[in-house]
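Some notes on the structure that comes next.
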Amino acid sequence: MPELPEVETICQALKPALEGHSFQKIQLNRPDLRYPIPYDLESKLAHQSINLVRRRAKYLLVDFSHDLTLIWHLGMSGRVIIEDKGLSLKPSLHDHVVFTTSGNQRIIYRDPRRFGFLRLSSTHQLNEIAPFNTLGAEALDDPHLNGCTFHQCLTRRKISLKSALLDQKVIAGVGNIYASEALWQAKLSPFRLTNTLTLAEAERLLKALQDVLRRAIAVGGSTLRDHIHPNGDIGYFQHELKAYNCEHKLCAHCQSTYLCKTMQNGRATYYCKICQQ
DNA sequence: ATTATACCCTGAGTGC
DNA sequence: TGCACTCAGGGTATAA
């Protein structure tokens, strides 16, 4: 699924198509995704001006001028497709929602596994409802996040570093790819317990995580299965992955150990047994 | 309280 | 070619 860099890429692509426009039509091709789609989505949103498209963690947020925010999560396999004007793409069985904008563009939400969802919230109360009321610091560009606060947040718990990075209450936006990448880059074991981390190690991890995320955003995220830029381009960061999907490849740090893959809390984890301690 | 596990769902890939 | 099986970028309700 889209993690932070992929959702950010989608967010940036949606901005020019949506901000200052409105939805003329919202076509629901099924009543539910992970949860029921609000039945009154179209009547509440159509012809209302869109102020802002933004991202929080892995959520896309579309703010309307009448204090409504469309919360849009893409689950594991969700894709957003912005059609060129006048062009009509071949429909897919999994095109669940089709938005038509006042700019006469069609925006298609395609999600084979349907782990994604759409919800509505009052804009000014968004941070008081789940999951936004418990989300951790934004992994990038959060003024309250630094090595010190990250260290405090980690040492308060006793879970593996990999689980901590995936826990959206600890830090928001990180998923399985970038958790493995950041731990590899920081030379920290995914099995290391959070309460054993020194301040210097927490700083190193945060720096590595932010570096990986920024580099991924710069090239449009990672295209492994489903993620494609809404205009049809693919992301390129999969070519720069040093750990994720790299089992049996030589570790780029030590050049002498093959990376291994293990299941950790039900998710694949990739790491170097020698470099990551 | 925190921390693990099962599960939602389809499609792609593998091995027989 | 077909079938059975595993795994996949996430989050949540449960159980321990």
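Just so we're on the same page: letters track the sequence lines, and every chain starts at 1.
- Contact annotation: A:Q168 side-chain N/O to C:dG10 OP1/OP2 distance is not under 4.0 Å.
- At B:dC9, none of the side-chain N or O atoms of A:H94 fall inside 4.0 Å of OP1 or OP2 (strictly under the cut-off).
- Atoms CZ (A:R110) and P (B:dG11) sit 12 Å apart, rounded to a whole Å.
- If you check B:dT3, C:dC7, B:dC9 against the side chain of A:K261, the one that comes closest is C:dC7.
- Spacing between atom CD1 of A:I159 and atom P of C:dA16 amounts to 21 Å, rounded to whole angstrom units.
- Contact annotation: side chain of A:R113 to base of B:dC9, donor-acceptor pair present below 3.5 Å.
- Look at A:R34 and you won't find any side-chain N or O under 4.0 angstrom from OP1 or OP2 of C:dG11.
- Classified by interplanar angle (parallel below 30°, tilted 30° to 60°, perpendicular above 60°), the ring pair A:Y178/A:F237 is tilted.
- Atom OH of A:Y35 is separated from atom P of B:dC7 by 17 Å (rounded to the nearest Å).
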Applying side chain to side chain contact (heavy atoms under 4.5 Å, CB included), run through A:N265 and A:S160 and close with a yes or a no.
CA-CA 10 Å; A:N265 296 106; A:S160 67; 4.0 Å; yes

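- In this entry B:dG11 has C:dC7 as its Watson-Crick or G-U wobble partner, both defining distances falling under 3.5 Å.
- Here B:dG13 presents its P atom at 12 Å from CG of A:N245, a figure rounded to the nearest Å.
- Using atom P as the reference point in both C:dG11 and B:dA1, the two lie 23 Å apart (nearest Å).
- Ranking B:dA4, C:dG10, B:dC9 by closeness to the A:R114 side chain, first place goes to B:dC9.
- Close to C:dG11, at under 4.0 Å from its OP1 or OP2, lies a side-chain N or O of A:K58.
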As a quick check of understanding, evaluate side-chain hydrogen bond (donor to acceptor under 3.5 Å, both in side chains) for A:S122 and A:D67, giving each step before the final call.
CA-CA 5 Å; A:S122 148; A:D67 190 42; 3.1 Å; yes

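- By the criterion of a centre-to-centre distance under 5.5 Å and near-parallel planes under 30°, the ring of A:F115 forms no stack with the base of B:dC9.
- Checking A:R55, A:K15, A:R54 one by one against A:D63, the salt bridge (charged side-chain N to carboxylate O under 4.0 Å, His left out) holds for a single residue, A:R54.
- As a whole-Å value, the separation of A:R156 CZ from B:dA1 C1' is 13 Å.
- Taking 4.0 angstrom as the limit, A:K169 places none of its side-chain polar atoms (N or O) nearer than this to OP1 or OP2 of B:dA1.
- Nucleotides C:dT14 and B:dC9 are separated by 15 Å at their P atoms, to the nearest Å.
- Counting to the nearest Å, the C1' atom of C:dG10 and the CG atom of A:D111 are 11 Å from each other.
- The NE2 atom of A:H96 sits 12 Å away from the P atom of B:dC9 (whole-angstrom rounding).
- The aromatic rings of A:Y109 and A:W72 lie perpendicular to each other, with more than 60° between the two planes, well past the 30° mark.
- The residue among A:T223 and A:Y59 whose nearest nucleotide of DNA chain C is located toward the 5' end is A:T223.
- Between A:R267 and C:dG10 there is a side-chain polar atom (N or O) within less than 4.0 angstrom of OP1 or OP2.
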